[in-house]
Amino acid sequence: MHVTAHAQWLVAPAITGIAPPSGPLAGGTEVVITGSGFTGATAVSFGVRNPATSFTVDSDIQITAISPASATATTRNVRVTTGGGTSPAVAADLFTWQ
């Protein structure tokens with residue numbers, strides 16, 4: 001009997017940029033997120049407790065998300081979650097509500 005096993009390592013997504021980097025307090029800004037490992041994304045958030053209003057995985061390297069509203073002018077990290085984990089916070093993923 002011959003048994004073959006294949007291991008597949010899931011890697012956390014990584015964000016290399018967002019555009020635009022800011023939007024109004026009311027939310028509704030279309031934000032293009034670039035990076036890698038986005039296939040199978042299950043969530044996009046603007047900060048820890050602010051999920052995107054909606055998002056579309058355009059490709060493994062791009063997601064289009066709609067920013068949620070914010071009660072105050074603040075800056076938060078945009079985060080992408082997949083089966084491999086959540087993208088680490090980096091300077092390139094900062095979104096500011098104005």
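Quantities reported herein were computed from a predicted structural model and do not represent experimental measurements.
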Run the side-chain donor-acceptor check on residues 43-55: report pairs under 3.5 Å with partners two or more places apart or on a different chain.
unit_1, atom_1, unit_2, atom_2, d
S45, OG, G47, O, 3.1
N50, ND2, F46, O, 3.1
T53, OG1, S67, O, 3.4

Item to check | I66 and E30: CA distance, side-chain angles, deciding distance, side chain to side chain contact (heavy atoms under 4.5 Å, CB included) verdict | outcome: CA-CA 5 Å; I66 306 300; E30 185 176 274; 4.0 Å; yes

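No continuous path of hydrophobic side-chain contacts links V32 to L94 [ILVMFWY only; heavy atoms under 4.5 Å]. Hydrophobic clustering of Ile, Leu, Val, Met, Phe, Trp and Tyr side chains at less than 4.5 Å, counting indirect connections, keeps F95 apart from V90.
Few gaps surround CD on Q62; more than 12 heavy atoms of other groups in view lie less than 6.0 Å from it. Sparse packing is recorded around CD1 of I61, with 12 or fewer heavy atoms of other residues, nucleotides or ligands lying under 6.0 Å away.
With values rounded to the nearest 0.5 angstrom, I63 atom CD1 is found 9.0 Å from T56 atom OG1. The CG atom of D93 sits 11.0 Å away from the OG1 atom of T75 when rounded to the nearest 0.5 Å. Distance OG1/T74 to CH2/W97: 7.0 Å, rounded to 0.5 Å.
The minimum heavy-atom distance between P88 and P13, with the atom names listed, is CD-O, 3.6 Å. Smallest separation of non-hydrogen atoms from L25 and A73: CD2-N, 3.5 Å. Taking all atoms of both residues into account, the shortest heavy-atom contact from V11 to T82 is O-OG1, 4.2 Å.
Applying the side-chain contact (heavy atoms from CB on, under 4.5 Å) test between I33 and each of T16, I18, V57 identifies I18 as the sole match.
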